[in-house]
Each structure stands twice: as C-alpha cells, then as structure tokens.
Amino acid sequence: MALPFFSKKKQVNKNSEQLKLAQDKSTSMEKKTDEKDQKLASEIAEKDSYISGMGIDMRSEDEAVNRFLNGLVDVKDIIAPPAIEVDFNHILIGDKFYRTLFATGYPKFVGANWLSSLINFEFPVDISTFYYPVDSNLVMQRLKRKIGEMEATINIDLEAGKAFDPRVKVALTDAKELQESLAKGTEKFFHFAMYVTIGASSLAELEKVIKNLEQSLGAIGVVVKPATLQQEQGFQSVIPSGLDKLYYTRNMDSTSLATTFPFVSSNLTMNQGVLYGVNKHNKSLVVFDRFRLENANAVIFAKSGAGKSYLVKLEALRGLMFGIESIIIDPEREYEKLCKTIGGEYISFSQDGEKKLNPFELSGVWEEGEDELRTKIQSLHGLVKIMLGGEVTAQEVAILDRALILTFKEKGITPDTATHKNPPPLMEDLYKVLQAMAEKEAHSIAIRLEKFIRGSAAGIFDRRSNVNINNTFSVFSIRELSDDLRPIAMYMMLDFIWGKIKKDRRKRLLIIDEAWWMMQYEDAAKFIHSIAKRARKYWLGLTTITQDVEDFLDTDYGKAIITNSAIQILLKQSPAAVDRIQKVFYLSDGEKAFLLSSGIGEGLFFAGPSHVAIQVIASENEHQLITADPEELAKQLEQYRRTVSDMKGTKASSEHRFI
C-alpha cells in the first residue's frame, strides 16, 4: 500500500531535525575535547616551568637512567667468557685452548661416508662446511679456456719431440668430463670450504689431539693446516653463525659434494624407550624400546665379570618406569638385593624351602587349535628326560608317554577342558604308575626317578604349587640347589612361568641368567627356542644371558634363538670364544679387537641391521642397587653396620640423658 505524499514530507522534516541535533552535539564534543587538550598542555607547561625553576635537567636524568641500565648484568654478560686471548696459532677462551684448521687438500676420488673418520673422531671436534654455487656458464667459459691451454701444452711438447706430462693429460681428461656433464646439466659446480676447531685444556693436549686428527685425515687423503694469524676469524667461521670469514675453498661438482654431508655417524636411538648406555662413537644416548622391533627378544654374551648381569638389572629397573614387568630366573642370587629394595617378590627354591612348584599343574588357558594336556605331556617328556640325564631310548620314550597319560587319567584329567580344573597329579603319582607297569623299561625309569621322590632330591619336584606371580618384579632363585638339579629346576620354572604368561598377557621381560645350564640339554634348549618364537604373541621379551658361548652356539637351537632375537649385545669376550663370535655375528677385525680389549660394561649393541659400540652407565643410586662387585658390597655392608652402630649409640645416649 502506497503512503500519502504528506506523510513522506513529515518523515523528511523529522530526519533533518535529527541530523541537525547530531551535528550540534558533535560540535559541542569537539569543543570540550579542545578545552581538555589545552588544559593538559597548560599543566605540562607549568610542570616543566617548575622543574626548570628547581634546576633539574630531565635530559641528564634520562642519560643517568640509561647509564644505570647499561651497568646491569645482561644475558650476554652471563654467557660470555671471562677473557679471550688471540694468539697467532690458537685462541684462549676462558681456560680452554682452541685451534681452527682449514682443509687444503682432498683425495682425488671419494665415496660415500669418506668423512666418517672425522665425524666419528675420538675427541670432540666442531666441523663447519660451506657450499657456494657457481654460475655454470662462467665455469664453462673458464673450462673452455683451460682445456685449450692444456691441449696447447701437450701439442707443443709433441712438436718438440718431448714426452708430455701425464698429469696434464689426466687433468685434461677430467676437465673434458666435467665440461660434458655441465653441458648436459647432470652436474652443477660449487666452491666447498671445510673448517675444523679443536678444544683442549692445555696446549700440550691440544697439540696431541691435532696430531691424531691430522693422521686420521691424512689416511683418507685430506690435508689440513692451521689458520695462522686468523684464529679469531677461523673460530667465528666454525660457530653456528653461518659466516665464512676465511674463505679457503675447493672446486667440487655436485656428485662429489653430496658425499661431504655429515650424516654418517652411527646413531642407534628411538624417541622413547629404555636408556641402555652411551654411544662410544659420538657420545649420543642409546635409547631403545625393544617392544617396537620385530620381536622383543635379546641375547647377551660376555665373559665372567664383563657386566652382563649389571646391564640386565639396569634394563629391568628402568623398564619398570615404562610399565614393563620382569620375571627373572636367578642361578647365583645376584638379583636379591634389587628385588627386595624395590618391593619385588623373591622366590627361593630349595629342598627344605617353603616355595614349591608342581610340574604337572595345568595353566587352565584354552586356545583354539591347541590341546593343553598334550602340550603339558610333551613338556613333561622334556623334564623327565633331563631328570634321567638326557639318555632315553625310543622304547622308554613310548612307555613314558603312556605312563604320563595314565597318570593324568587317574586324576580324572582328559583332553576335555572341563576336566582340567581337577587337582593335578604329582611326580610321585607318575612314579607309582611306572612301578605298576609290566615293562622292565618302566621299572628302569622309576628307579632313576626314585632319587627325586624318596631319595636325596625329595621335596623339590614332588609337591603341590604354592607360588603365584602377582608382583611386577619376580625373581626365582635356584642358588640353594646343587649343580645337577639346577637345569631341572630352571626347566620346571620356565614351564610354570610360560603357563602364567599365556594366562595373563602383559608387557613383560623373561630373563634367563646363565642360560648355558639349560643349553646342555636338547629338550631344554628346544623349550627355550619355542618360547623365543612365540614370545611376541604374548607381549613378552625373552632375554637369554650366558658366559659359555660355546655351549650356546654348538646347538642348532642356540643359533635359532640368536636368529629370533632382534637385540644382541656382546660385551667383553675371552680370546677362546671371540673367533666363534666373529663368525656368527660377522664382525670386522676392529670390532673383534674391541671386544677383546673392552672394559667392564663396554661392548657392541646390535638392534636389527644396525649396531654401535656402547658404554653402560648407571647413576650412583642405581649402581648401589645393582653392583655385584664383592669389594663394593663389602664396603656397603661395613657402612651399614657403622650406621646401625651409630644409631644405637645415639639412642643409648639419649635414653641416658632422659634418665
């Protein structure tokens, strides 16, 4: 609907009035603002007049404030050395001497990693390299002129009947090849500069390090010289400022230049994992998470006293921080102190001890395609063979198999999984079944088992289980057992532990110290090998430790365990075993010599296809917990006794004062 004309006129008049009011209001506000500015300017002028009348110079006061601020300690003052002294062939910064060298000569032919001896030098060095691209057209012009000069030199010698210089002929060939590559665009041309700065605590030490460096570089065809009278500029060229104040360059094509990139150092580390030690090549940390490899198994070979148990204890202790549980079979009671200190469960087996394991006990774990009773009977075959000394005929094996089946059947246990909850039989039940059988071979087996039922070894393997693995750090000790019983106990413990691992899958380490005890028996070695192959499925990392390399490598199962271990650690070796180690692990002569001369805790750390030299390092608190050095343990015991004695004396003195 259209509005009347007069209504529009009224609306226009109304808008005009509102616009006029807004303009008047804006003019009023501008006047007020001008009045405020004038008032503020007047006040400032009065203050300036007052300050001038008092004789105060604001300019001089600002200068005084600036002088005060300049006198305060800045970040630069904190990080700066106390003094710098520049000599003609070295520079002294604080109490440390530095010398900068520049490369003047390079080998004619270079390959990948040709600077590895410099990058992995035994002493700390700072290396700086500069790359300057050069215009290819300019290089082509110079090459053309240079090629002409060399061809002319050769022609002049030929016309004069002289033998031309072969070095000129070689240089001419190289120049033509470079010219062709530049023309095709397959190569680029660069100027390359390399500087090295070495630091030492004294001039004598500095000279010694530089001599070693010159020899190392000389072996690969690199000639270095000190930046005489330019040490300050040389030092500034090496620090990470990106400034080349020496500019001693060498011509290089892009192919040769690519080989100078310093990414050849042997690093073996992950973003997270357990700290194993320090890389001896470049002092970097060897941090590894074994559960991220194709399998989490590890083997450790070392002679007695080389630090293998020290390394394993350190790994187990640090692994607790990442939620990795540890189950350890300890033949020599080396883990007792660590276990009790961190609140672990220490289980000691002996004839008169409280802790017992029943080898006939079933785990109660059912897996598709696997008959647990059959698996248990096969495991018992291996155990009984070890108890019989490893010498069993084919007839005895068949009779033993029948006896084991009957032993379980008498307790109502059959392949039906519902019967597996019935109370399991004992070793004595097998002994009675064998005695009741008609075959003389059965009686022979029973007679040989009698030692473990009623003889000197009774009470160890014929009792019901009263052990459960609930702690995050569990140690099974067999120190109290005689040497002939240790392999039997280790086998039985492994079988029990394996059943618990299958029943409750967690991130765990199973550590078998002195594994050579079990490798002497084929069935025991076969059992360890089967665990190594299946460990990954159950989130388990198997660690086998041995000092008797020959026993481990003489069996096919021992070699297979090494093959199925993603991590291999070789510490100090004996001369008798090192040749065998070299063949198995494909070591160089230098690595072989390193293993013979390495100190305690030093060795080679293999992880997959890579390996580095490692130094195992623990903190002081860790060292106090895991050391097995008799001298250090005696000192700790003496210190403990003194502390207890002092505490008793203090208590008696305070009671006397109270009375």
Side-chain angles (χ1 to χ4, degrees), residues 100-121 125-155 164-198 213-214 216-227 230 233-267 281-282:
T100 300
L101 310 174
F102 62 92
T104 60
Y106 296 88
K108 183 171 178 58
F109 297 100
V110 294
N113 301 344
W114 67 282
L115 283 175
S116 59
S117 58
L118 173 61
I119 296 165
N120 294 323
F121 189 58
V125 294
D126 294 328
I127 307 168
S128 182
T129 54
F130 292 88
Y131 306 88
Y132 301 98
V134 181
D135 185 12
S136 297
N137 293 328
L138 180 61
V139 176
M140 291 282 287
Q141 294 175 6
R142 293 179 179 176
L143 277 175
K144 183 178 180 181
R145 184 174 65 252
K146 193 67 178 178
I147 290 171
E149 292 176 359
M150 289 187 287
E151 288 177 341
T153 301
I154 292 174
N155 291 332
F164 58 84
D165 190 346
R167 291 175 296 182
V168 178
K169 181 67 174 177
V170 172
L172 177 60
T173 303
D174 293 343
K176 287 183 176 180
E177 290 178 356
L178 178 59
Q179 185 184 44
E180 183 179 356
S181 299
L182 290 173
K184 291 179 179 179
T186 58
E187 293 283 0
K188 299 293 182 182
F189 202 74
F190 292 84
H191 287 164
F192 171 69
M194 183 173 69
Y195 313 118
V196 181
T197 297
I198 304 100
L213 179 64
E214 289 175 344
S216 298
L217 292 177
I220 60 175
V222 178
V223 180
V224 291
K225 293 182 179 180
Q230 289 184 298
Q233 292 86 341
F235 186 83
Q236 292 174 345
S237 299
V238 173
I239 60 176
S241 61
L243 299 176
D244 183 2
K245 296 194 174 184
L246 292 178
Y247 200 75
Y248 288 101
T249 61
R250 163 70 183 263
N251 297 331
M252 277 197 183
D253 56 25
S254 53
T255 301
S256 302
L257 201 71
T259 64
T260 64
F261 277 67
F263 305 122
V264 298
S265 184
S266 302
N267 283 323
H281 291 302
N282 51 24

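A quick note: this is a predicted structure, and the numbers were derived from the prediction, not measured.
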T197: which residues meet the side chain to side chain donor-acceptor pair (under 3.5 Å) condition with it, sequence neighbours left out? T100

Hey, what do you get for NZ (K188) to CG (D135), rounding to the nearest 0.5 Å? 9.5 Å

Could you measure the distance from the CD atom of E187 to the CG atom of L257? Nearest 0.5 Å is fine. 10.0 Å

Ring pair (Phe, Tyr, Trp, His ring centres under 6.0 Å) partners for F190, two or more places apart: none

Residue among V223, V224, V222 satisfying side chain to side chain contact (heavy atoms under 4.5 Å, CB included) with T104: V223

Search all heavy atoms of L172 against all heavy atoms of I154 and return the closest pair with its distance. CD2-CD1, 3.8 Å

Closest approach of W114 to I220 (non-hydrogen atoms, all atoms of both residues): O-CD1, 3.3 Å

In chain order, what residues pass the salt bridge (charged side-chain N to carboxylate O under 4.0 Å, His left out) check against K176, with sequence neighbours excluded? E151

I'd like to check the salt bridge (charged side-chain N to carboxylate O under 4.0 Å, His left out) partners of E177; sequence neighbours left out, ordered by chain and number. none

Partner residues of F102 under the ring pair (Phe, Tyr, Trp, His ring centres under 6.0 Å) criterion, sequence neighbours left out: Y248

Could I get the full list of side-chain contact (heavy atoms from CB on, under 4.5 Å) partners for T249, not counting sequence neighbours? Y132, H191, A193, Y247

Please report the C-alpha distance between L118 and L213 in whole Å, then the side-chain angles of each, then the deciding distance to 0.1 Å, and finally whether the side chain to side chain contact (heavy atoms under 4.5 Å, CB included) criterion is met. CA-CA 8 Å; L118 173 61; L213 179 64; 3.6 Å; yes

What is the distance from atom CZ of F189 to atom CE of M252, rounded to the nearest 0.5 Å? 10.5 Å

Just to verify, what does S256 make a side chain to side chain donor-acceptor pair (under 3.5 Å) with, not counting sequence neighbours? D253

Which residues pass the side-chain contact (heavy atoms from CB on, under 4.5 Å) test with L243, not counting sequence neighbours? S241, K245

State the CE-NZ distance between M150 and K146, to the nearest 0.5 angstrom. 6.5 Å

Going by side chain to side chain donor-acceptor pair (under 3.5 Å), name the residues that satisfy it together with Q141, two or more places apart in sequence or in a different chain. none

Can you name the residues that form a salt bridge (charged side-chain N to carboxylate O under 4.0 Å, His left out) with D126, not counting sequence neighbours? none

Distance-minimising heavy-atom pair for Y106 and A103: OH-CB, 3.2 Å

With sequence neighbours excluded, residues passing side chain to side chain donor-acceptor pair (under 3.5 Å) with T173: none

Test ring-ring contact (aromatic ring centres under 6.0 Å, His included) applied to F192 and Y131, step by step: CA-CA 5 Å; F192 171 69; Y131 306 88; 5.4 Å; yes

Working to the nearest 0.5 Å, report the span between CD1 of I127 and OH of Y195. 14.5 Å

Working for side chain to side chain contact (heavy atoms under 4.5 Å, CB included), residues M194 and T260: CA-CA 10 Å; M194 183 173 69; T260 64; over 6 Å; no

Please list, chain by chain and in numerical order, all residues satisfying salt bridge (charged side-chain N to carboxylate O under 4.0 Å, His left out) with R167, sequence neighbours excluded. D165

Which heavy-atom pair separates S216 from S117 by the least distance, and what is that distance? O-OG, 4.1 Å

